[in-house]
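Following: one structure in C-alpha cells, then a few remarks.
The structure presented is a predicted model; accordingly, all values stated were derived computationally and were not measured.
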Amino acid sequence: MHSFMETLKNKFTIEMVVCDMAGTTIEEDNLVYKTLQNVINKAGYNFSLEEVLAQGAGKEKRQAIESIIAAYGEPAPQNLIDTIFEDFLGSLDQTYRTANISAQPNAEDFFSDLRQRGIRVVLNTGYNRATAEALIAKLGWTIGTTIDGLVTADDVPNNRPHPDMILHAMHQFGIKSGAQVAKIGDSTIDIQEGKNAGCSLSIGVTTGAHTREQLKAAEPEFIANNLLEILPLLAP
C-alpha cells in the first residue's frame, strides 16, 4: 500500500517551491515579533508575545500591527499605526545589525537539493525589501546561487493571505499554474496564501511562529518538523 507521502508526490509535478523566510528558512528566535511586541506596547498596549504571534505571524508588518491591535480591542487610528510602524522599522534594523541570525537547520541543503533537480526556489516574506535583502546578505545567500528569487511585501499590491507574492514569482519564472508550485511556511497565513494561489501543496513547518495545532487549523496538505522531511513530497 502506498504511503501518504507517495500518494502526494505521485499526484503533482512541482516546478517551484516558495518558502517563507523567518521561522521557515531563517532562525532568528522570533526577533521580528518580539520587536513588534515591544514597539506596540511602547505605544500604550500590553500584548503578550503569544498574542502578537497569533494575530501577526506571516503578515506584512503594517498589516500585522493593525490586526494585533484590532483583534484585542478597538482599531487604532491610522496615524498611530504609522508611528508604530516607523518605530518598528528602526528598531528591527538596529536589532538585526547585532542579532545572531542563522539558517534553519538543513535549509541550505534543502535549497541545493531542489535546485539540483531543476526546481526553482523562491523566498517570500512580509518584510519590506530592504529588510529581506539585508537578512539574506547577512546569511551569505545570493539570488542565482543559493536561491532563485526573492519576493517581498514591497513588490506586490496585496499581501498575505492574498496570492500576489506567489503569482508574482510564477510570472517571473514563466510558471503557468499553481498546480506546479508548493508553498512552505511556519504560519497559518502562509498556508492560506498557498491555497489562494492554487498551489498543489501548502505545507506547514513547526520551526517558527505557529504550533502544529495552529497550523492544522489552516488545513495544510502536510506539516513537517524539518525542511528535509518535505523533500520526498517534491520528488519528480
Side-chain angles (χ1 to χ4, degrees), residues 17-37 40 47-72 85 88 92 96 101 103-105 107 110 121-128 131-132 135-136 150-156 158-169 178 181-227 229-230 233:
V17 175
V18 180
C19 301
D20 176 55
M21 290 181 62
T24 301
T25 55
I26 297 174
E27 171 54 55
E28 42 86 90
D29 191 29
N30 279 327
L31 278 178
V32 64
Y33 298 109
K34 290 175 181 176
T35 303
L36 207 56
Q37 178 195 16
I40 293 173
F47 296 121
S48 67
L49 181 60
E50 289 72 23
E51 289 171 328
V52 169
L53 288 169
Q55 299 299 326
K59 295 180 180 178
E60 184 273 327
K61 299 309 175 266
R62 186 189 299 272
Q63 176 191 1
I65 294 164
E66 292 175 348
S67 297
I68 293 160
I69 293 173
Y72 303 109
F85 180 66
F88 166 74
L92 187 66
Y96 272 159
I101 307 296
Q104 283 284 0
F110 181 71
V121 176
V122 175
L123 300 185
N124 80 336
T125 179
Y127 293 135
N128 60 14
T131 300
L135 268 178
I136 65 171
L150 170 68
V151 184
T152 76
D154 285 347
D155 301 324
V156 294
N158 300 300
N159 288 290
R160 299 171 181 155
H162 296 283
D164 296 32
M165 284 196 283
I166 295 175
L167 298 179
H168 183 85
V181 180
K183 172 63 206 268
I184 302 170
D186 65 304
S187 67
T188 58
I189 202 168
D190 285 302
I191 295 163
Q192 292 162 5
E193 176 194 26
K195 289 180 177 294
N196 289 339
C199 294
S200 290
L201 295 171
S202 295
I203 299 170
V205 288
T206 60
T207 52
H210 285 164
T211 65
R212 176 174 289 271
E213 288 305 309
Q214 287 173 313
L215 293 169
K216 195 182 295 184
E219 301 182 346
E221 277 71 44
F222 188 71
I223 300 176
N225 297 313
N226 184 290
L227 289 170
E229 293 179 12
I230 299 169
L233 299 181

Evaluate side-chain contact (heavy atoms from CB on, under 4.5 Å) for F110 paired with I230, printing each intermediate quantity in order.
CA-CA 9 Å; F110 181 71; I230 299 169; 4.2 Å; yes
Do N225 and R212 meet the criterion of a side-chain donor-acceptor pair at a distance under 3.5 Å?
yes
Between OG1 of T206 and CD1 of I223, what distance do you get to the nearest 0.5 Å?
8.5 Å
I need the minimum non-hydrogen distance between V52 and Y33, along with the two atoms involved.
CG1-O, 3.7 Å
Nearest 0.5 Å, please: how far is CG in N30 from CG in L53?
5.0 Å
Non-hydrogen side-chain atoms of F88 and I40 separated by less than 4.5 Å
no
So which atom in A22 and which in D186 form the shortest heavy-atom distance, rounded to 0.1 Å?
O-OD1, 3.3 Å
Between atom CD of E219 and atom CD1 of I191, what is the distance when rounded to the nearest 0.5 Å?
10.0 Å
List the atom of T188, the atom of Q214, and the distance in Å for their closest heavy-atom pair.
CG2-O, 3.0 Å
Least distance between heavy atoms, V122 atom then L150 atom:
CG1-N, 4.2 Å
Determine the minimum heavy-atom distance between S67 and K59, stating which atoms define it.
OG-NZ, 3.0 Å
Okay, side chain of S202, backbone of K195: is any donor-acceptor separation there less than 3.5 Å?
yes
Side-chain (K183) to main-chain (I166) donor-acceptor, under 3.5 angstrom
no
What's the separation between atom NZ in K61 and atom CD1 in I68, rounded to the nearest 0.5 Å?
9.5 Å
Looking only at atom types and distance, does a side-chain atom of D164 sit under 3.5 Å from a main-chain N or O of N158, one as donor and one as acceptor?
yes
Atom pair CG/CG of D155 and N124 - distance to nearest 0.5 Å:
10.0 Å
Is there a side-chain contact between E213 and K216 in this structure, where contact means two heavy atoms from C-beta onward sitting under 4.5 Å apart?
yes
For G23, is there any backbone N or O sitting under 3.5 Å from a side-chain donor or acceptor partner on T207?
yes
Would you call K34 and E28 a salt bridge, using N to O less than 4.0 angstrom?
no
Side chain Q192, main chain G194, donor-acceptor under 3.5 Å
no
Heavy-atom check, side chain of I69 versus side chain of I65, under 4.5 Å
yes
Ignoring hydrogens and angles, tell me if any N or O in the side chain of Q55 forms a donor-acceptor pair with the backbone of A70 under 3.5 Å.
no
Does any pair with a residue in residues 47-66 pass ring pair (Phe, Tyr, Trp, His ring centres under 6.0 Å), and if so which ones, sequence neighbours excluded?
Y45-F47, F47-Y72
How close do Q37 and L49 get, heavy atom to heavy atom, and via which atoms?
NE2-N, 3.3 Å
Any side-chain heavy-atom pair of T152 and T131 under 4.5 Å
no
May I ask you to test the P220-I203 pair for a side-chain heavy-atom distance under 4.5 Å?
no
L167 side, atom CG; E193 side, atom CD - distance, nearest 0.5 Å
9.0 Å
